[in-house]
Amino acid sequence: MPVHMLSEGGGRAEAQIPNHLQRIEIKKLTLDSECEDKYVKGHVVLKYPLNVLPNGRQMLKAVIQEHVTQQSSSGIMSINVYFFGMLAKDFSDAVKQGGIVMVTGFSLIRSPTANKDKRHPCQLELFEEKKATVYVQNPKYIYVPLNELKPGVVVNVYGVVTYYKPPFPTKGTDYCSAVTIMDQSGRKLSCTLFSDKLEALPQIYKVGDIVRFHRIKTERFQGELKGVTSAGFSALTFDGRVGGPVIPRTGSKSYHFVEEDQRMLEMLRQWAASRCSPSEQNLSTVQPKQFFDLTCQLVAKAELVKSVLLKVWDGTKCSHPVWKVLEEEDILEGSAVLMYELQNLTVDVQVYDNHIEVAKSLKPGAYLRINNLHAKLHASTAKKQISNENHLQFHLHGGTIYGRGIQVLSADSYDVQELKKKLESAEVRVHPNVSDSVLLDFSINEGTLHAQLERCQQQSVTVLTAHQHMKITSLSNVKNCKPPQKFRIRAKLKSYEPKSLYQSVKRCCPKCRILQEIPDDESLAHLFQDASTRPLNLNLHNDFWYKTAVGCTKNKQQIAFHFLVEDDWEKDAEKTSVMVERASLNEIFQLSRRFGNIIPVTSSEEQLTLLDLSAPFLIQGKSCYYGCKNCSNVTGVRPLRQFVQQESWEATTIAQSLGIQLLHHVFLVKLELDDGTACLDAILWHEADKFFRSLPSEAEVNVALQEELERTMKTLCPPGKGFDELPWLDCCIMTYSTEDGVFNQIFDTVVAEETDILFNC
DNA sequence: GCTTAGGTTTTG
């Protein structure tokens, strides 16, 4: 068989041919070339119909093209090939245009048409009887040139994007995106693409990108051929520039990309580069009245009456004087420092109508492409304008024609990489004066300007209440510094303990600063159980300041209630204070629903006394108050009248009267922080109320607040996220040593509210 | 499997 079929698709063609054969490049072929055991490899770019010569012999002409993957057009060389006899018939039947062929046993003769067709000066001739052989690898996918499309077929195509409208939700179930492409044939195809999955639509960044569509269906609409998605549609998108990355953007999990694709891509790139002037401009190259595409970084923004103002830079200086929209820059959202430093490089872009919403959602630091931006001459209507020079102003008008709109570019995209190089080499000329030295100092500490801006985007979910100008220290440095010291850090919260914040509510003595364990419900029940077995002392019933009533439970347990005399407990139970003797924990809680203040007591020989300080000395509703075992000095229960008169049933005053040092509620949360340089455990303790903007005493008893705190923690440390996806936390921490070791404690830091996030730049 | 949308420069 003179025509050998090689397996389709991905496998390398060379691996499937006899290995004594050696390749000879088309461009190296001459009439003198020694061609035995040599093969020529190329793509079939043209295949003519089978022809019969006057002598009755069959003949077929094809053009094969060698593609050398270098970046110059001289890397492409094509040659005419003639097949004779059965070889012609077999070739005609077996080979598809676009397939890869490797031919051996050919003869080389001068090409009579070289001058006309600009192909190789030689041509190849293959005769079966001279042992010519053709190895064929047909492409898995055939890409149809746009000028060969017919209506009503499902095809695969390549093309350069000449127009696109980013995906938008339709009135139906899908997203829709419109893309018009063009190929070397000069023909355009407008495609309407639908998908219920956003990522399945082509991720086009700009006009000039190159797309590959699989399974697009052609149909006639208003007299023109259009493309629409058909079942199994998939798209790859590439940067359209010669030398750009050959990395497809796609939502497909698996896609077929072979030599042939690379060839198609590079051919289109070459062609596109030779064609039209790009719509992309720098601020330095843009001319008045132009509509252009701008790749830039957002420095600041402000919402105006009928538009949104975006202050952007692209690292180049506009060659025309630019119109500043605002004289006062106070209303701009963004870092004043960076605005100041970049004042000579930024331009004001005014965004109107349908683009306002997108503009509002942008964060300073974002990398943007603004498509079809209008560089207008400012109408110098204002009489006060002294300068004769015409200022340029930049407007993004309403509508989406010509792909008009704003796109946020991902920080790792090719365009942003290129932009960053420009931003880094930009000449930022500022004239520091004395009063600005602090600000400049700040910026020098923080790396390049665009990186500083970028960080604005990665907003912190916490906000500092002071020390904003302190330099950020890495956690590895914090660990290496000798305590005590204070730092500003920026890290991510990898985990925290305890998982439920109400479990983090502890008691701490404000006097001796010692954290004291609170018994759990079971231990408490035991405490009250023990106390309930002690006998009642009838001598202690009724005194000048309380009246005693004895009740009996279902279990025939006697409970004594000592009511303060001034209280009218039948009328005003909620304000009533009662000392309760011999009640179980359950009974105490039941009573606390009825009476405002419960003070558990027990009888000694001479007086009523409090229980052990392990038990709460006061129960108000669901709240239990405890005393410090170190700092309290409890004797008997003294007359509590004065507090009733003052109607001051604050736990603190009751505690005072009983000789108790009240324990305060505190949050104690352990945070595992990581900033990529090191991991560090820090605690939230003395300033935790400030941090959460909540009271721990409330958190202990208020379910709604517990839920809110849980939500807060999920914002700081979203479950199931990888390190990269975690938000940053700006924190102040202090390090200190105790007998138990070195601790790191958070201070002057609060959880950001939405408005903080907006302005925390 | 059906539907969806189907752009051609503001005038600030």
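For the numbers below, each heavy atom of this structure counts, side chains included, while hydrogens, waters and symmetry mates do not. Numbers restart at 1 for each chain; the letters A, B, ... are given by sequence-line order, proteins then strands.
- Atom pair A/L225:CG and B/dG6:P shows a separation of 19 Å (rounding to whole Å applied).
- An anti base is found at B/dT9: its glycosidic angle is more than 90° from 0.
- No hydrogens or angles were tested; on distance alone, a donor-acceptor pair under 3.5 Å links the side chain of A/T173 to the base of B/dT3.
- Qualifying side chain to side chain donor-acceptor pair (under 3.5 Å) partners for A/H450, counting only residues two or more places apart in sequence or in other chains: A/Y367, A/E424.
- Atoms CG (A/D196) and C1' (B/dC2) sit 13 Å apart, rounded to a whole Å.
- The separation between A/F194 atom CZ and B/dT3 atom P is 10 Å, rounded to whole Å.
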Enumerate donor-acceptor pairs with a distance under 3.5 Å from any side-chain N or O in residues 394-408 of chain A to protein atoms, sequence neighbours excluded.
unit_1, atom_1, unit_2, atom_2, d
A/H395, NE2, A/Q350, OE1, 3.4
A/H397, NE2, A/H374, ND1, 2.9
A/R404, NE, A/N372, OD1, 3.0
A/R404, NH1, A/G398, O, 2.5
A/R404, NH2, A/N372, OD1, 3.1
A/Q407, OE1, A/Y164, OH, 2.5
A/Q407, OE1, A/N371, ND2, 3.4
A/Q407, NE2, A/I204, O, 3.1

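- Looking at heavy-atom distances under 4.0 Å, A/Y175 makes no contact with the nucleic acid at all.
- Listed here is the closest heavy atom pair of A/M77 and A/R119: CE-C, 4.4 Å.
- Under the side chain to side chain donor-acceptor pair (under 3.5 Å) criterion, A/Y205 pairs with no residue, sequence neighbours left out.
- Here A/E219 lies in heavy-atom contact (under 4.0 Å) with a base.
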Per-nucleotide protein contact string for nucleotides 7-12 of chain B (B base, S sugar-phosphate only, - none; heavy atom under 4.0 Å)
BSBB-B

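- Residues passing the side chain to side chain donor-acceptor pair (under 3.5 Å) test with A/E418 are A/K421, sequence neighbours excluded.
- Within residues 146-155 of chain A, no residue places a heavy atom under 4.0 Å from DNA chain B.
- Atoms CG (A/L201) and C1' (B/dA5) sit 13 Å apart, rounded to a whole Å.
- For A/N147, there are no side chain to side chain donor-acceptor pair (under 3.5 Å) partners, not counting sequence neighbours.
- Counting any heavy atom pair closer than 4.0 Å across all strands shown, A/S307 reaches no nucleic acid atom.
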Taking only distance into account, with no hydrogens and no angle test, what donor-acceptor pairs under 3.5 Å do side-chain atoms of residues 150-161 of chain A form with protein atoms, sequence neighbours excluded?
unit_1, atom_1, unit_2, atom_2, d
A/N156, OD1, A/R215, N, 3.0
A/N156, ND2, A/I142, O, 3.4
A/Y158, OH, A/D261, OD1, 2.7

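- Within the structure, side chain to side chain donor-acceptor pair (under 3.5 Å) contacts touching residues 233-248 of chain A (residues at least two apart or in different chains) are A/D239-A/R241, A/R241-A/D415.
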As a quick check of understanding, evaluate side chain to side chain donor-acceptor pair (under 3.5 Å) for A/E266 and A/Q262, giving each step before the final call.
CA-CA 6 Å; A/E266 287 183 13; A/Q262 175 136 7; 3.1 Å; yes

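- Separating the CZ atom of A/F233 from the P atom of B/dT3 is a distance of 19 Å, rounded to the nearest angstrom.
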